[in-house]
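Heavy atoms only: backbone and side chains are in, while hydrogens, waters and symmetry mates are out. Positions are given from 1 along the sequence.
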Amino acid sequence: MQDIFPLLLSNSLDLSVNLIQPTAEPTAEVSVLLPLVEAGNNGDPVNRFPLKECEADCDSNEECAEDFICFQTSGTIPTSVPGCIGEERNGNDYCVKPIPNLLNRIGNGGSGYGLCQGDCDLDSDCIGDLICFQRDGLEPVPSCIGEGRAGTDYCILLTV
């Protein structure tokens, strides 16, 4: 203690504290997981549509509120729903915030599908230089996230 006492009395000791200054804007995005909710099906009850985040059962993006998309589950294998907490039930499809490269079944055939969107049948169904990745079951789709729906084909970038 005798060795420390002179040090404590000296003026050379810096006792200042570096405080983190508050900012005008948040510095980090806080993500809250919402519980999965079965809200309606096929537009019924009408007052529940458009569906909000983590609500089921949507059949297309148009049944989801704001900028949410309809996340299609496989219907046979329990799937975790992005941004939500809980177990999906009965093959329900849920409205979620869009995530880059998330598999998204937005139609059945037709054209105009973007990256990781389906269900395409031909390369010409995909926009730009994308090609239609054909699959029979739940094979992983290159460069995309999620399982998607069994047998659904998705547009991908051709990698050489």
Side-chain angles (χ1 to χ4, degrees), residues 16-120 125-159:
S16 66
V17 177
N18 289 329
L19 298 175
I20 298 173
Q21 297 299 317
T23 61
E25 298 295 322
T27 55
E29 185 175 319
V30 177
S31 180
V32 177
L33 298 179
L34 298 174
L36 294 174
V37 175
E38 289 185 58
N41 192 10
N42 294 325
D44 188 39
V46 146
N47 64 334
R48 296 304 301 260
F49 285 81
L51 299 170
K52 295 173 188 64
E53 187 174 8
C54 299
E55 291 185 343
D57 184 23
C58 56
D59 295 312
S60 68
N61 293 345
E62 289 75 31
E63 290 185 342
C64 298
E66 300 169 21
D67 293 326
F68 298 120
I69 62 168
C70 184
F71 177 73
Q72 304 280 326
T73 63
S74 68
T76 55
I77 299 169
T79 305
S80 62
V81 178
C84 307
I85 191 166
E87 273 187 45
E88 62 98 0
R89 292 181 278 174
N90 306 323
N92 282 340
D93 303 318
Y94 296 86
C95 295
V96 300
K97 290 179 183 171
I99 297 172
N101 297 2
L102 178 68
L103 290 175
N104 185 12
R105 184 178 185 269
I106 62 171
N108 187 9
S111 62
Y113 297 113
L115 182 62
C116 302
Q117 293 179 339
D119 184 15
C120 57
D125 293 342
C126 304
I127 61 173
D129 294 331
L130 300 176
I131 63 167
C132 185
F133 180 77
Q134 303 284 323
R135 62 189 201 153
D136 294 320
L138 290 172
E139 295 92 340
V141 178
S143 302
C144 299
I145 300 169
E147 292 178 333
R149 188 166 261 181
T152 297
D153 307 318
Y154 296 92
C155 295
I156 63 167
L157 282 171
L158 177 61
T159 54

*Asks:* Are Glu38 and Asn92 close enough that some pair of their side-chain heavy atoms sits under 4.5 Å apart?
*Replies:*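 Counting from C-beta outward, Glu38 and Asn92 do come under 4.5 Å.
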
*Asks:* For Tyr154, which of Gln117, Gln134, Arg105 qualifies under side-chain contact (heavy atoms from CB on, under 4.5 Å)?
*Replies:* Arg105

*Asks:* In Å and rounded to the nearest 0.5 Å, what is the CD to OG distance from Gln72 to Ser60?
*Replies:*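 Rounded to the nearest 0.5 Å, the CD-OG separation comes to 8.5 Å.
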
*Asks:* With sequence neighbours excluded, what pairs up with Asn61 under the side-chain contact (heavy atoms from CB on, under 4.5 Å) test?
*Replies:*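 Expected list: Ile69, Cys70, Asn104, Ile106.
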
*Asks:* Which pairs would a plain distance check flag for residues 46-56, meaning a side-chain donor or acceptor within less than 3.5 Å of a matching protein atom at least two apart in sequence or in another chain?
*Replies:*
from, atom 1, to, atom 2, distance (Å)
Arg48, NH2, Glu55, OE2, 3.4
Glu55, OE1, Lys52, N, 2.9

*Asks:* In sequence, state the C-alpha distance, the side-chain angles, and the governing distance for Asp153 and Arg135, and then conclude on side chain to side chain contact (heavy atoms under 4.5 Å, CB included).
*Replies:* CA-CA 6 Å; Asp153 307 318; Arg135 62 189 201 153; 3.9 Å; yes

*Asks:* Of the non-hydrogen atoms in Val37 and Tyr94, which two are nearest, and what is the gap between them?
*Replies:* O-CE2, 4.1 Å

*Asks:* Considering only NZ, NE, NH1 and NH2 on the basic side and carboxylate oxygens on the acidic side, decide whether Arg149 and Asp93 come within less than 4.0 Å.
*Replies:*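 Salt bridge present between Arg149 and Asp93.
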
*Asks:* Taking side-chain contact (heavy atoms from CB on, under 4.5 Å) as the test, write out the residues that go with Ser143, two or more places apart.
*Replies:* none

*Asks:* Could you please spell out the steps behind the side chain to side chain contact (heavy atoms under 4.5 Å, CB included) verdict for Asp129 and Leu158?
*Replies:* CA-CA 8 Å; Asp129 294 331; Leu158 177 61; over 6 Å; no

*Asks:* When you compare the side chain of Pro142 with that of Ile156, does any pair of heavy atoms fall below 4.5 Å?
*Replies:* yes

*Asks:* For Glu63 and Cys95, which heavy atoms make the closest approach, and how far apart are they?
*Replies:*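 So the minimum-distance heavy-atom pair works out to O-SG, 4.2 Å.
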
*Asks:* Step by step, work out the side chain to side chain contact (heavy atoms under 4.5 Å, CB included) result for Ile85 and Leu34.
*Replies:* CA-CA 6 Å; Ile85 191 166; Leu34 298 174; over 6 Å; no

*Asks:* Using only the SG atoms, establish whether Cys144 and Cys116 come within less than 2.5 Å of one another.
*Replies:* yes

*Asks:* If you measure from CG on Asn108 to CG on Asp119, what distance do you get to the nearest 0.5 Å?
*Replies:*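 So the CG of Asn108 and the CG of Asp119 are separated by 5.0 Å.
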
*Asks:* Is the SG of Cys155 found under 2.5 Å away from the SG of Cys126?
*Replies:* yes

*Asks:* For residues Tyr113 and Gly118, report the shortest heavy-atom separation together with the two atoms involved.
*Replies:*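 So the two residues come closest at CE2-O, 3.4 Å.
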
*Asks:* How close do Pro45 and Ala39 get, counting heavy atoms only, and between which atoms?
*Replies:*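 It is CD-O, 3.7 Å.
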
*Asks:* What closest approach, in Å, do Glu88 and Leu36 show between heavy atoms, and which atom pair accounts for it?
*Replies:*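 Closest approach of Glu88 to Leu36, heavy atoms only: N-CD1, 3.5 Å.
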
*Asks:* Do you know which two heavy atoms are closest between Leu130 and Leu115, and how far apart they sit?
*Replies:*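 Nearest pair, atom of Leu130 first, then Leu115: CD1-N, 3.3 Å.
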
